[in-house]
Amino acid sequence: MTGRGISRREFAKSAVAIGGTAALAACLDRGSGSVPEGTDDPSALPERQHAWNDALATDDAGNPRMPRHHVLLLLDYAGEGTPTDAHREGVETALRDLERAYEWSTEGLLFTLGYGPAYFERFGSGPAGVDLPDPEALAPFEDPAFDTPDALLHLASDDERVVLEAEEALKGTRETANDHEMTTSFEGIFDEADRRTGFIGAGLPAGNQDVDGIPDSEPVPEEAPLFMGFKSGFKGNQATEDRVTVASGPFADGTTQHLSKIRLQLQQWYEQDSRDQRVSKMFCPAHAAEDRVEGVGENLGTDSGMDECPDDAVESGRRNGVVGHSQKLVSAREDDSPRILRRDFDSTDDGVAGLHFLSLQAAIDDFVATREAMNGTDVAENSAVGQRVNNGILQYMSVERRGNYLVPPRSLRALPPASPGQ
């Protein structure tokens with residue numbers, strides 16, 4: 001038994017969510033197998049911090065598969081005024097230590113370090129060439145709190161030991177990472193403002209569904225990668241990494257990042273809605289009527305098939321009394337291509353079913369336009385579909401927090417100035 005009165009097996013299962021040195025010890029005690037080592041050559045790594053796709057595993061259809069375990073650290077700069085050169089060197093050295101310790105892959109460690117509007121305020125201007133607005137409510141029915149940390153660190157791996165060990169190494173509570181010496185840490189440079197965790201992948205939602213927001217009947221299928229029971233992240237429904245990359249200016253090869261903390265309320269989703277209703281609301285009514293979605297949707301391949309749904313969501317809403325989540329998002333596309341790259345994952349933070357919706361886009365406006373399409377306001381105003389009821393999956397989620405960030409290119413990731421090169 002652990003000090004919290006649960007078995008070591010259960011403790012290890014929840015280790016990432018619990019965090020800390022004790023959780024890491026439980027994880028290391030349970031874990032087996034070696035973790036691939038990284039590189040001493042920085043030029044072997046992509047200049048884009050967000051260049052993950054080539055390092056990701058893929059599913060049978062060829063869709064990039066997100067790492068299974070995630071840690072988000074919201075950080076505040078501990079210094080006064082603008083960052084010092086010593087602090088910049090400390091951040092870069094600590095991150096290079098991790099890159100030596102772990103391979104840039106799902107079996108090793110993937111990560112990004114981004115900066116919020118509050119960070120750039122110390123320079124008297126926003127990041128040059130990038131519009132980085134403060135977060136705001138994006139629907140008339142939401143009232144989120146706003147995240148205003150200086151920085152957001154995202155750690156991701158298929159191995160829960162890796163994200164915990166990397167986290168503790170950066171905090172200065174562990175002297176090694178994957179048996180490589182950590183020559184420095186974030187201690188004295190960043191203070192932790194908040195910590196969030198999550199997971200994605202078959203078996204993980206089912207194994208973590210004993211939380212508020214999900215019925216006691218344990219309805220989440222074992223093969224589901226997310227709590228809502230369907231596959232997500234189809235390659236054809238995602239923007240490319242090129243599409244979400246800042247194209248010019250001093251932060252070229254960076255990207256913008258949005259993070260929403262969302263609470264899921266799935267009692268009706270599983271206890272009252274039928275399978276056809278869930279398919280209609282997640283995809284579109286035509287998918288349900290023609291039985292196009294098998295199981296969690298693996299049969300759909302690399303595209304959720306929105307080209308086979310009615311083009312006019314308003315007319316579809318009038319005819320069917322429901323409109324699908326994916327169906328609405330088609331209207332946000334630009335040149336027939338999605339504008340955001342989703343890297344979201346489920347969570348049991350605070351003992352509730354949740355979703356950390358993390359998206360990358362060339363400009364925050366791309367996320368705003370996508371979210372406005374998700375709101376389905378035109379459908380609600382011109383059909384029997386409600387503002388949230390039968391309007392995609394809106395009624396099953398509540399946005400609790402929002403934050404915006406700039407993820408600079410790798411060469412500027414360590415406490416960047418607002419106007420590099422000037």
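The model shown is predicted, which means the values in this text are computed figures rather than measured ones.
- For the residue pair Thr176 / Glu181, no side-chain donor-acceptor distance below 3.5 Å is found, with atom types taken as modelled.
- Salt-bridge annotation for Asp366 and Arg243: present, with a side-chain N of the basic residue lying under 4.0 Å from a carboxylate O of the acidic one.
- Residues Phe190 and Asp76 are not in side-chain contact: their nearest non-hydrogen atoms beyond the backbone lie 4.5 Å or more apart.
- Distance OG1/Thr93 to CG/Leu98: 11.5 Å, rounded to 0.5 Å.
- Between Phe199 and Phe227, the ring center distance clears the sub-6.0 Å criterion.
- Salt bridge annotation for Arg122-Glu80: absent, with no cationic side-chain nitrogen under 4.0 angstrom from a carboxylate oxygen.
- The one candidate from His258, Gln257, Arg339 that meets the side-chain contact (heavy atoms from CB on, under 4.5 Å) condition with Ser359 is His258.
- Ring planes of Phe367 and Phe357: tilted class, angle from 30 to 60°.
- When only modelled atom types and interatomic distance are considered, Ser105 and Glu107 share no side-chain donor-acceptor pair under 3.5 Å.
- How far CD of Glu298 is from CG of Asp59: 6.0 Å, rounded to the nearest 0.5 Å.
- Phe345 and His70 have parallel rings, their planes meeting at less than 30° on a 0 to 90° scale where 60° marks the start of perpendicular.
- Defined by atom type and a distance below 3.5 Å, a donor-acceptor pair is missing between the side-chain atoms of Thr112 and Gln49.
- In this structure, the side chains of Leu300 and Lys231 stay at 4.5 Å or more apart for every pair of heavy atoms.
- For Asp312, the CG atom is densely surrounded, since the number of other residues' heavy atoms within 6.0 Å is greater than 12.
- Separating the CZ atom in Phe230 from the CZ atom in Arg278 is a distance of 6.0 Å, to the nearest 0.5 Å.
- For the residue pair Asn237 / Ser304, a side-chain donor-acceptor distance below 3.5 Å is found, with atom types taken as modelled.
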Mind running salt bridge (charged side-chain N to carboxylate O under 4.0 Å, His left out) on Arg371 and Glu136 for me, showing each step along the way?
-> CA-CA 12 Å; Arg371 173 65 210 211; Glu136 59 182 350; over 6 Å; no

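- The shortest side-chain heavy-atom distance between Leu259 and Arg402 does not fall under the 4.5 Å cut-off.
- Each salt bridge (charged side-chain N to carboxylate O under 4.0 Å, His left out) pair with one or both residues in residues 259-271, not counting sequence neighbours, appears once here: Lys261-Asp350.
- Interatomic distance, CG of Asp253 versus CD of Glu47, reported as 5.5 Å (0.5 Å rounding).
- Note: Phe283 and His287 have parallel aromatic rings, judged against thresholds of 30 and 60 degrees for the angle between ring planes.
- Between Arg196 and Asp194 there is a salt bridge, with a side-chain nitrogen of the basic residue lying less than 4.0 Å from a carboxylate oxygen of the acidic one.
- Going from atom CG of Asn404 over to atom CD1 of Ile364 covers 4.0 Å, rounded to the nearest 0.5 Å.
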Go through Thr245 and His50 one step at a time and tell me if the side-chain hydrogen bond (donor to acceptor under 3.5 Å, both in side chains) criterion holds.
-> CA-CA 9 Å; Thr245 297; His50 61 286; 2.8 Å; yes

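- Closest of all the heavy-atom pairs between Asn391 and Gly386 is ND2-O, 3.1 Å.
- Counting heavy atoms from C-beta on, the side chains of Val379 and Thr377 never come closer than 4.5 Å.
- If you check the side chains of Ser347 and Asp349, you find a donor sitting under 3.5 Å from an acceptor.
- No more than 12 heavy atoms of other residues, nucleotides or ligands lie within 6.0 Å of CD in Glu89, so this atom counts as exposed by the packing criterion.
- Salt-bridge formation is detected for the pair Arg100/Asp40: a Lys NZ or Arg NE/NH1/NH2 atom is positioned less than 4.0 Å from an Asp or Glu carboxylate oxygen.
- Remark: the Arg65 side chain and the Thr58 side chain contain no N/O donor-acceptor pair separated by less than 3.5 Å.
- A 4.5 Å side-chain heavy-atom check between Ser232 and Gln238 finds every atom pair outside the cut-off.
- Considering Val163, Leu109, Thr106, Leu110 as possible partners of Asp158, the one that fulfils the side-chain contact (heavy atoms from CB on, under 4.5 Å) test is Thr106.
- For Trp104 and Phe111, the ring centers are positioned less than 6.0 Å apart.
- Separating the CG atom in Asp344 from the CD1 atom in Ile200 is a distance of 6.0 Å, to the nearest 0.5 Å.
- A salt bridge does not link Lys171 with Glu165: every distance from a Lys NZ or Arg NE/NH1/NH2 to an Asp or Glu carboxylate oxygen is 4.0 Å or more.
- Side-chain N/O atoms of Asn208 and Thr348 include no donor and acceptor closer than 3.5 Å.
- A donor-acceptor pair shorter than 3.5 Å can be found between the side chains of Tyr396 and Asp273.
- Under the 4.5 Å side-chain criterion, counting only non-hydrogen atoms from C-beta, Phe141 is in contact with Arg388.
- Under the 3.5 Å distance criterion, with hydrogens and angles disregarded, a donor-acceptor pair is assigned to the side chains of Ser316 and Gln327.
- Side chain to side chain, Asp242 and Thr240 fail the donor-acceptor criterion of an N or O pair below 3.5 Å.
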